[in-house]
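Letters go in sequence order (proteins before strands), and every chain restarts at 1.
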Amino acid sequence: MSSDDTLPEAASGSDPTAGTGGLVAEKAKRLQKLDNMREAGANPYPYRFDRTGTLAELRAAHGQLEAGTETEVAVAVAGRIMLMRDSGKLIFATVRDRDGEVQLFVSKAVVGDDAFESFRDLDLGDWVGVHGTVMTTRKGELSVKVQRFELLSKAVRPMPDKWHGLTDTDTRFRQRYADLIVNDDARRSFRIRHEIIASFRRNLHGRGFIEVETPVLHVEAGGAHARPFITHHNTLDMQLFLRIALELHLKRLIVGGMERVFEIGRIFRNEGISTRHNPEFTMMELYQAFADYSEMIDITEALITQAAIDATGSPVVTIFGPEVEMAVDLTKPWRRARMIDLVAEAIGEEVHPSQPVEHLRALATQHGVSFHPRWGSGKIIEELFENTAEHRLIAPTFVTGHPVEISPLARQDRNDPYLTERFELFVGARELANGYSELNDPVEQRARFVDEQAAKDAGDAERGSVDEDYLRALEYGMPPTGGLGIGMDRVAMLIAGVHSIKEVILFPTLRPEVF
RNA sequence: GCCCCUCUAGCUCAAUGGUAGAGCAGUGGACUUUUAAUCCAUUGGUUCAGGGUUCGAGCCCCUGGGGGGGCACCA
């Protein structure tokens, strides 16, 4: 037999001391076990396994057993082998399923010599199904005393470090499956995200909202100021945009008389990636007929507080600001302050969009805030706010009264025509929500759209266009309406207590991996 | 797009410019109550890639790549 019989990578052919370790060799060993099983007539990838319950259910039913108890209770459980402790004629293995862990107690005397040897042949990471009886060890560990077992799926690739898990962020985000296998914190964050979304749905259903789905592919990307992703439909041979907001379609449904609608959906913004931004993220938007922005503020507070309670059992969250960290009880009232008052507080001088733009430009210059020549007073005030006041908003704060100029879809303040009945929620200096009394006057809305279009034509790529169909809808009459959008990823970050949006998005956007 | 940091065994991490190491995983052995089991032995490396400086580079320099952080952008 020549050395050509061996695979190029498997250097174990000619030199018996080489190539017996490392990933390639490890995978080869495990693949060999599969071949051996098949030759013995067994299927290492069986089609199903019927278990009597999950491991959490097993623990709930038998967790109170005294140490050293043997029962006759027969169970069938399944899970992934996470740990193995071999002490000669006994093997202890820790298996985990989706909601719990339990120890397998494998005795050579019980299962027989052959089965004991094949259990010893299992690897960390393998999925097994076992039939056995419930017992506790002398130390009191709840265990399943194995009568028989079967391999449910072979792990051909070794698990990450059983104690340290995976810490390399690159690997954690690219191989989320491996992250979820070994890192409890990752599983916890996504569990919390699920609980938050479930809580929102329950809460909204309870308030009479119905859930709808609107198009992701838009002819015009409206409803927000952001750069869109552009795509193309072949048959229609037309340019389409991935949506940057849910707003304009949902308000068409209010015109249609649906009165209370919400959507939890993915939106796409062609902007930078950071600890707070992912190009695709999840927005919840709701619209309620006959309500105004004050009710939207109330519902925002209620939704997020209830979600924290539902997801963690506590309304207390830890907020990570730019420089500080603080625990906040969400059941306490949240601060409300007008944007112009927050700016005045920060710079010690009153500001108002009615002031001449020259005055505001001077203030901006004075505080080191740069501006664009085509910006009006309202936009400069927003810029002053973002640069002088926003970073201080650590505890939950509703910022209200945005200038009309930066709020093309919001209704004028009933007491001040330069401002809108709008709010944004800031927590930890990050925007989490945005809502307003919806502008429903089709004539004024057209004028606002025209202003947007003018700014866009002047070179501001993020401004909007005249949406004729939306205007037609308003012409049919939209009742007074309150609207709200909440960034679900950022809510998840807040409640899960994590610093990066990548910790709450299962598969965050990354550059493609080179294999 | 700009700046800074980082990349070493499957994983977690070491290594003054001077022989690339440890723990875990793996392999062989001991052990019938372990708990990250323990004990003995042991395999495993293109140090992200490509250049350069040097007698000598994992380490210093340059270019490129991945990731992280910051800035810009982000109604």
Side-chain angles (χ1 to χ4, degrees), chain A residues 11-12 15-30 67-68 82-94 101 103-110 116 123-125 135-143 145 155-175 178 181-182 222-227 244-245 247 269-279 281 322 370 378-379 382 386 402-403 405-410 420 422 424 430-431 434 436 452 455 460-464 485 487 499-500 502 508 510-514:
Chain A
S12 53
D15 181 0
T17 66
T20 54
L23 180 60
V24 171
E26 176 62 19
K27 284 167 73 174
K29 266 180 289 205
R30 296 190 184 203
M82 302 306 295
L83 296 168
M84 276 228 260
R85 297 172 290 279
D86 177 349
S87 67
K89 299 187 178 65
L90 271 186
I91 298 173
F92 303 90
T94 303
E101 290 185 345
Q103 175 170 271
L104 302 182
F105 181 100
V106 188
S107 165
K108 192 170 190 172
V110 172
F116 193 77
D123 291 293
L124 295 183
M135 61 167 279
T136 54
T137 62
R138 288 175 197 163
K139 297 272 177 61
E141 181 75 31
L142 180 66
S143 307
K145 187 174 196 175
V156 171
R157 182 179 287 267
M159 294 296 110
D161 192 288
K162 68 182 180 185
W163 182 244
H164 299 97
L166 264 185
T167 63
D168 181 65
T169 48
D170 189 359
T171 312
R172 285 190 51 229
F173 298 148
R174 288 190 193 282
Q175 302 182 35
I181 289 169
V182 294
H225 288 172
R227 303 164 85 100
I244 59 173
E247 177 156 358
R269 297 186 180 179
N270 205 339
E271 289 155 0
I273 296 175
S274 77
T275 50
R276 297 164 294 279
H277 301 87
N278 197 65
F281 62 103
S370 57
K379 175 64 180 168
E382 183 193 37
E386 288 179 359
H402 298 56
E405 181 185 348
I406 58 167
S407 312
L409 299 164
T420 57
R422 179 179 173 189
E424 288 179 310
R430 289 196 284 259
E431 184 194 340
N434 179 27
Y436 30 87
E452 286 288 299
D460 192 341
E462 290 168 6
R463 301 297 284 270
H499 292 81
S500 170
K502 291 186 175 72
L510 298 171
R511 283 194 169 80
E513 187 175 6
V514 178

What's the gap between [N] and [M] when it is taken at their [atom1] atoms, as a whole Å value?
N	M	atom1	result
B:G23	B:A14	P	16 Å
B:G52	B:A9	P	25 Å
B:A15	B:U54	P	27 Å
B:G45	B:C11	C1'	15 Å
B:G58	B:U47	P	7 Å
B:A41	B:C4	C1'	46 Å
B:A20	B:U27	C1'	22 Å
B:C40	B:A49	C1'	41 Å

What is the minimum heavy-atom distance between A:Pro158 and A:Leu23, and which atoms define it?
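Closest approach of A:Pro158 to A:Leu23: CD-CD1, 3.6 Å.
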Hey, which of these two, A:Tyr436 or A:Trp163, hits RNA chain B nearer its 5' end, going by closest nucleotide?
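Of the two residues, A:Trp163 wins.
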By nearest heavy atom, map A:Arg511 and A:Ser107 onto RNA chain B; which one lands nearer the 5' end?
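Going by which nucleotide is closer to the 5' end, it is A:Ser107.
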Report which part of the nucleic acid [X] touches: base, sugar-phosphate, or nothing (heavy-atom distance under 4.0 Å, all strands).
X	answer
A:Asp161	base
A:Arg227	nothing
A:Thr167	sugar-phosphate
A:Lys502	sugar-phosphate
A:Ser274	nothing
A:Gly165	sugar-phosphate
A:Asp168	sugar-phosphate
A:Ile244	nothing
A:Thr137	base
A:Ala224	base
A:Ala109	base
A:Gln103	base
A:His164	sugar-phosphate

Report the C-alpha distance between A:Asp170 and A:Arg174 in whole Å, list the side-chain angles of each, state the deciding distance to 0.1 Å, and finish with yes or no for salt bridge (Lys or Arg N to Asp or Glu O under 4.0 Å).
CA-CA 6 Å; A:Asp170 189 359; A:Arg174 288 190 193 282; 2.7 Å; yes
In whole angstroms, how far is the [atom2] atom of [N] from the [atom1] atom of [X]?
X	N	atom1	atom2	answer
A:Arg174	B:G66	CZ	P	8 Å
A:Ile273	B:C73	CD1	P	17 Å
A:Arg85	B:C39	CZ	P	15 Å
A:Asp170	B:G67	CG	P	6 Å
A:Phe116	B:C31	CZ	P	11 Å
A:Glu26	B:A25	CD	P	12 Å
A:Lys29	B:G26	NZ	P	9 Å

Check whether any side-chain heavy atom of [X] lies under 4.5 Å from a side-chain heavy atom of [Y], and answer yes or no.
X	Y	result
A:Thr275	A:His499	no
A:Leu142	A:Met135	no
A:His225	A:Pro408	yes
A:Phe92	A:Leu104	no

Assess whether atom CZ of A:Arg227 is packed by more than 12 heavy atoms of other residues, nucleotides or ligands within 6.0 Å.
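12 or below, so no.
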